[in-house]
Amino acid sequence: MYQDEYRRWLTADLEDADLKPELSKIEDNDDEIKERFAVSLKFGTAGLRGVLGAGTNRMNIYVVRQATQGLANWVKTQGGTQTVAISYDSRLKSDIFAKTAAGVLAANNIQVRIYDALMPVPALSFATRYYKCNAGIMVTASHNPAKYNGYKAYGPDGCQMTDDAAAIVYDEIQKIDVLSGAQYISFAEGVEQGLIRFVGDDCKDAFYAAIEKCQVRPGLCSTAGLKLVYSPLNGSGLVPVTKVLNDIGITDITIVPEQEYPNGYFTTCSYPNPEIYAALELGLKLAEESGADLMLATDPDADRVGIAMKCPDGSYELVSGNEMGVLLLDYICAGRIEKGTMPAHPIAIKSIVSTPLADAVAAHYGVELRSVLTGFKWIGDQIAGLEAAGEENRFIFGFEESYGYLAGPYVRDKDAVVASMLICEMAAYYRSAGSSIKQRLEEIYAQYGRYLNRVDSYEFPGLTGMDKMNSIMQSLRDNAPTDFSGQKIVDVTDYKDTGATGLPSANVLIYGLESGASVVIRPSGTEPKIKTYFTTLGKDLAEAQAQKDALTEAIKPLLA
């Protein structure tokens, strides 16, 4: 079956010149053919994501056309404006895939609003809402290595597509022949017919204005003298992040030269993820040389941001996503109370795998903290619920431990642009008060206890990876452990059981231990990995780390 599909591609008149040589090269390699053609990339709530190349299990113009035709079929049933917004990042072929998607939509008589240059995830979410679109498409593979690309689909609320809508689109995709089933006209033709139009300056200006409205202490940055090193990691953050920072008065910005401009090969870091040290290495070197107060890096689609803060001894320390989430929550709460801008009955939102330290901070400020499933769409869903009740201004902050943050209800996805602005404002504020981010973090730990949060990942590559992951999760349910490393398990929450959680069903297990520590085990929604999230609480960092290390060793055999 897969050999037949391979032969069909090999003999077809393919428009992408890169695909034919790849197909010819694997002609006698059954394993390679099977890997590309035995399955198709599955369209889910995260859209598509895969390695670039030829085949049904790869990202290429044909898979993009097929997915977009499926999306178009769904849009046609939705009434409304019959419009779709499109953006893309710096990845290889992102611009081609974005224009390909536009051509399919235009051929289906659906209006397109596409950015005229690469722009980040939050800008796509904003444009989808601004133009009252039926859907949005973001061409990106987030922070995956360079060989990947992907396609995120958004609903009319600017939130990543719901499970129900994604299932309908997936069913439509199944009916469409990958090579010939999609309707398609060229991008130029779509522009000529008036079906494809660029996103206007009015939309871009409104996006920046919405972000800048989220300042906690407007005017502070212009006099604080903050010195910043910034890396867009060769992605889409350069223009929006530097524009917003300049607008609020942060002008002493040194851009990491090797990572300044779009480069889908990500030649300076094989994994352009601001969560990891290697991606920040060049920026850290520059920060040390220049004595910067702060080093900041956004991922290629600029929905995540990582930082290194300057310590009193002049060294730099990476701040985890959980720590930054807590620091921003604390800063926003204290600042808005001081300025009299805190709404009545304020709400903050975090994912269930994010640190419980945030619960303690929120309680201290009288803020309701809601916990939702992993994936920023669930935070977006909560904001949508507030919006429907005319109460969206109650939302003050949302975050997840994987370096995603949002302040303000203007978009429905994480936004590294607003996060960069608020992190810089926070650093400027503490600097002007003779303190620092590092000092404030230590004060938070002194006040609430020394929490440690760590994530471990176990990879399951290949065609059997997903089956292996499913059987491990099932085994944890069928043969439930009673302790980890001698620590008794006192509480288990299974998120597959919606009655127990009140949240939608999810393949997540959370174990509460007698020491107060917790362990979360869940398969990744976008990669062939099982992730384990540890929270330990000690009198100091060493004690919390020792607890975590013991738990890791106890859990390893269960995930082998």
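A donor-acceptor pair shorter than 3.5 Å cannot be found between the side chains of Glu400 and Ser351. Of the N and O atoms on the side chains of Asn149 and Ser94, at least one donor lies less than 3.5 Å from an acceptor on the other residue.
At most 12 heavy atoms of other shown residues, nucleotides or ligands fall within 6.0 angstrom of atom NZ in Lys34. By the 6.0 Å contact criterion, NZ on Lys76 is enclosed, its count of non-hydrogen atoms from other residues, nucleotides or ligands being greater than 12. The environment of NZ in Lys529 is crowded: more than 12 heavy-atom neighbours from other residues, nucleotides or ligands sit within 6.0 Å. Residue-environment remark: OH (Tyr271) exceeds the threshold of 12 foreign heavy atoms within 6.0 Å.
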| Where do Cys269 and Leu233 land on the side chain to side chain contact (heavy atoms under 4.5 Å, CB included) test, with the steps shown first? | CA-CA 8 Å; Cys269 56; Leu233 294 179; 4.2 Å; yes
| message | Val520 vs Phe534, test: side chain to side chain contact (heavy atoms under 4.5 Å, CB included). Steps then yes/no. | response | CA-CA 7 Å; Val520 183; Phe534 300 92; over 6 Å; no
| Full working for side chain to side chain contact (heavy atoms under 4.5 Å, CB included) between Thr128 and Asp157 | CA-CA 7 Å; Thr128 304; Asp157 57 355; over 6 Å; no
| Is there a side chain to side chain contact (heavy atoms under 4.5 Å, CB included) between Leu357 and Tyr445 once you walk through the steps? | CA-CA 9 Å; Leu357 176 53; Tyr445 282 137; 3.8 Å; yes
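Going from atom OG of Ser518 over to atom CD1 of Ile352 covers 10.5 Å, rounded to the nearest 0.5 Å. The line from CG of Asp18 to CG of Leu92 is 10.0 Å long, rounded to the nearest 0.5 Å. The distance from the CD atom of Glu317 to the CG atom of Leu441 is 7.5 Å, given to the nearest 0.5 Å. The CZ atom of Arg58 sits 12.0 Å away from the OG atom of Ser40 when rounded to the nearest 0.5 Å. Note that the CG atom of Asn57 and the OH atom of Tyr2 stand 13.5 Å from one another [nearest 0.5 Å]. Rounding to the nearest 0.5 Å gives a distance of 6.0 Å between OG of Ser180 and CZ of Arg8.
Nearest heavy-atom pair across Lys152 and Arg49 is CE-NH2, 4.0 Å. The shortest heavy-atom contact between Gln487 and Ser515 is OE1-OG, 2.5 Å. Between Asp177 and Leu179 the shortest heavy-atom distance is OD2-N, 3.0 Å. What you find for Gln547 and Leu537 is that their closest heavy atoms are NE2-O, 3.2 Å. For Tyr403 against Ser320, the heavy-atom pair with the smallest separation is OH-CA, 3.4 Å.
At least one donor-acceptor pair under 3.5 Å links the side chain of Ser24 to the backbone N or O of Lys20. At least one donor-acceptor pair under 3.5 Å links the side chain of Ser354 to the backbone N or O of Glu401. Counting only distance, with no hydrogens or angles, the side chain of Asn322 and the backbone of Thr355 share a donor-acceptor pair below 3.5 Å. Without hydrogens or angle criteria, Asp415 side chain to Val411 main chain gives no donor-acceptor distance under 3.5 Å. In this structure a side-chain-to-backbone donor-acceptor pair under 3.5 Å is present from Ser505 to Lys496. With Asp299 contributing its side chain and Asp303 its backbone, the two residues share a donor-acceptor pair below 3.5 Å. Checked by atom type and distance alone, the side chain of Thr68 pairs as donor or acceptor with a backbone atom of Val64 at under 3.5 Å. For the pair Arg36 (side chain) and Thr56 (backbone), a donor-acceptor distance under 3.5 Å is absent. A donor-acceptor contact shorter than 3.5 Å links the side chain of Asn470 to the backbone of Met466. Of the possible donor and acceptor atoms, one in the side chain of Asn60 sits under 3.5 Å from a partner among the backbone N and O of Gly53.
Among the candidates Thr536, Thr535, Asp491, Leu551, the single residue satisfying the side-chain contact (heavy atoms from CB on, under 4.5 Å) test with Leu513 is Leu551. Under the side-chain hydrogen bond (donor to acceptor under 3.5 Å, both in side chains) test applied with Asn507, the options Arg522, Arg477, Gln474 reduce to a single match, Arg477. The only member of Asp163, Asp413, Thr162 that meets side-chain hydrogen bond (donor to acceptor under 3.5 Å, both in side chains) when paired with Lys377 is Asp163.
Note on Lys93 versus Asp16: salt bridge recorded, some NZ/NE/NH1/NH2 to OD/OE distance being below 4.0 Å.
The aromatic rings of Phe397 and Tyr405 sit parallel to each other, their planes meeting at less than 30°, with 60° as the upper class boundary.
If you look at Tyr511 and Phe484, their ring centroids are closer than 6.0 Å.
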